[in-house]
Amino acid sequence: MIYLDNAATTKPCAEAVAAVTETMQSCYGNASSLHKLGINAANVINAARRTLQGKFGDGDVYFTSGATESNNTAIFGACETYRRNGNKIVTTAMEHPAAANPIDKLGENGYDIVRLAPKDHEDFEAALADAVDDKTVLVSCMAVNNETGFTVDVKRLYKLVKRKNAKTIVHIDAVQGFLKIPLDGDLISISGHKIHGPKGIGALFVKKGVRLSPLLLGGGQQKKLRSGTEPVELIAGLEAAVKTYRGNKERFAELKEHLVKGLSEIDGVTLNSTDKCVPNIVNFSIRGVRSEIMLHSLEEQEIYVSSGSACSKGKTSGVPAAFGISDKDADSAIRVSMSAETTEEELDTLLLHIKKGIERFRR
Ligand code: PLP
């Protein structure tokens, strides 16, 4: 089996699996209980929180059910808390539905939404900051696009936005960028299952001094921001995944170069991922073969890739247009997303079966 769909989800690493099972067996107390078993669970959570804080800097880390919840908490929570600061939201046309849909909802409720597409701006960070005015309550921008790998320099974006309006809250959906590129933001969303951790666990970093209204009301766990009994085993699994993450930019760049060279030798293949993209995601279009046909043809060989984004389940997401990818090219786009375990030999097998697929299916 050749797994090249790591932007959809990753194989849990052995350390995460061990941490989950060990914690389930030996540390199953409720972290809110006052006895020893509860305190042990709280200690596991606090240790994981410290590990994550070490990745983000000064602020708090809240555990959530995943990045969808982190994004919803960040977007709705910030707009509710800071609504006196204005009703304009600046965002991008390439967001994942987990950010785009909450923002759409705010649009329906009277917020003024400005969405910028990378294709329209040479300097995307500057364009986003330029769109900020004294009524802008929130900037929400992903760090790395899940479909093409397009990268935003979010450290620079953060500085530029604050220079324009110090009160504007900056939310970064860093699901695909965490552990891969430098990050900054008032609110940063991450997800466990994209970094070889368990599914159903994510986190939201909240910079020191930033306040948020809760999305969920209940027992008041996690400083009243995220009610609900903490899933201590998933939190331990997430921490193990963060501590042992093996992805490496230089290695990904070698793999990308190998793949891109192979693709350039195939007639009718165009690259949708540019130099502004992380090297672990390579998106390309194969003229005359629809994505789903190629995906299933590769699947017959136990090679797993994605057409566009797995989260949009085969539906055209509208995101390719934000990068200037035509509908025709979007219809035949394949996303290969690699992990630290990916090898050149696996990519060669992929290339071979792409060629065979083209011979069989090209119209
Ligand atoms: N944001 C981005 C950029 C993603 O790629 C994904 C998942 O594909 C999500 C958010 C949603 O994350 P989760 O599955 O943890 O809810």
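Read the numbers this way: they start at 1 and go in the same order the structure lists the ligands and their atoms. Nothing here was measured: the structure is a model prediction, and the numbers come from that model.
- D5 has a carboxylate O that lies under 4.0 Å from a charged side-chain N of R335, or vice versa, which qualifies the two as a salt bridge.
- Here the rule is salt bridge (Lys or Arg N to Asp or Glu O under 4.0 Å) with D184, and of K207, K155, K162 only K207 fits it.
- No donor-acceptor distance shorter than 3.5 angstrom exists from the side chain of Q221 to the backbone of E230, with no hydrogens or angles considered.
- In the vicinity of G66, heavy-atom distances shorter than 4.0 Å reach the ligand 1 atoms 15 (O).
- Of all the heavy atoms of M142, the ones lying under 4.0 Å from any atom of ligand 1 belong exclusively to the side chain.
- Between D123 and R156 there is a salt bridge, since a side-chain N of the basic residue sits under 4.0 Å from a carboxylate O of the acidic one.
- Annotation for ligand 1: atoms under 4.0 Å from non-hydrogen atoms of V175 are 1 (N), 2 (C), 3 (C), 4 (C), 5 (O), 6 (C), 10 (C).
- Taking CD1 of I293 as the reference point, atom CZ of R362 lies at 14.0 Å (rounded to 0.5 Å).
- Taking every heavy atom of H193 and a limit of under 4.0 angstrom, the matching atoms of ligand 1 come to 13 (P), 14 (O), 15 (O).
- Numbered from 1 in the order shown, with element, the atoms of ligand 1 that lie under 4.0 Å from a heavy atom of D173 read 1 (N), 2 (C), 3 (C), 10 (C).
- Looking at ligand 1, you'll find an N or O of Q176 within less than 3.5 Å of one of its N or O atoms.
- E359 has no carboxylate O lying under 4.0 Å from a charged side-chain N of K355, or vice versa, which leaves the two without a salt bridge.
- Considering backbone and side-chain N/O atoms, V144 never comes within less than 3.5 Å of an N/O atom of ligand 1.
- Between V152 and M142 the shortest side-chain heavy-atom distance does not fall below 4.5 Å.
- Residue contact annotation: K194 has a non-hydrogen atom under 4.0 Å from ligand 1.
- Ligand 1 does not have K199 within reach: every non-hydrogen atom of the residue lies 4.0 Å or more from it.
- Residue S191 approaches ligand 1 through these ligand atoms, each under 4.0 Å from one of its heavy atoms: 13 (P), 15 (O).
- Between the side chains of S70 and T64, a donor-acceptor pair is found at a separation under 3.5 Å.
- The atoms of ligand 1 that sit less than 4.0 Å from any heavy atom of N146 are 3 (C), 5 (O).
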